[in-house]
> 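Handing you a structure now.
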Amino acid sequence: MPDFSGEPVARLDLRVGAERLALQVTGVNNGVMVEAFGAPEGVSVTEVRLKPRLDRPTT
């Protein structure tokens, strides 16, 4: 599934029992970026909208 910026994205549903863990894997330049997020029970991980998180400046 592509994200809103057009990058290729895959989401893995790792929910078991009461756990809510899911992963989003995004293809970037020469590798991938993995982000963990919570997904409520009864909602598909593809329907969850994540808020963008900006990295702090390194300098």
Side-chain angles (χ1 to χ4, degrees):
M1 82 184 232
D3 71 355
F4 294 109
S5 66
E7 297 293 334
V9 173
R11 286 192 171 177
L12 303 173
D13 188 349
L14 302 176
R15 295 178 287 184
V16 176
E19 300 296 321
R20 303 178 341 161
L21 179 63
L23 297 176
Q24 176 168 293
V25 182
T26 306
V28 292
N29 295 333
N30 296 332
V32 296
M33 178 176 63
V34 179
E35 181 178 1
F37 66 97
E41 185 177 342
V43 176
S44 172
V45 294
T46 60
E47 296 173 359
V48 175
R49 297 287 181 229
L50 303 178
K51 294 180 182 177
R53 294 185 192 170
L54 299 176
D55 289 335
R56 292 181 144 176
T58 56
T59 57

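Counting begins at 1 with the first residue of the sequence. Computed from a prediction, not measured in an experiment: that's the story for all the values here.
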> Is any side-chain heavy atom of Val48 closer than 4.5 Å to one of Gln24?
no
> Please check: side-chain N/O of Arg15 versus main-chain N/O of Gly38, any donor-acceptor pairing under 3.5 Å?
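Judged by distance alone, no pair lies under 3.5 Å.
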> Is there a continuous path of hydrophobic side-chain contacts, each under 4.5 Å between heavy atoms, that joins Val16 to Leu12?
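No, because Val16 and Leu12 fall into different hydrophobic clusters, even though each may have its own neighbours under 4.5 Å.
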> Within this structure, what is the CD-OG1 distance for the pair Glu35 and Thr26, rounded to the nearest 0.5 Å?
7.5 Å
> Is there a chain of hydrophobic side chains (I, L, V, M, F, W, Y, each step under 4.5 Å between heavy atoms) that links Val45 to Val43?
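Yes; tracing contacts between hydrophobic side chains, which count when under 4.5 Å, links both residues.
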> Tell me whether Val32 shares a hydrophobic cluster with Leu14, the cluster being built from Ile, Leu, Val, Met, Phe, Trp, Tyr side chains joined at under 4.5 Å.
yes
> To the nearest 0.5 Å, what is the distance between CZ on Phe37 and NZ on Lys51?
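If I round to the nearest 0.5 Å, the distance is 14.5 Å.
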> Can you name the nearest heavy-atom pair linking Ala36 to Leu21, along with the distance?
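Between these two residues, the closest heavy atoms are CB-CD1, 3.9 Å.
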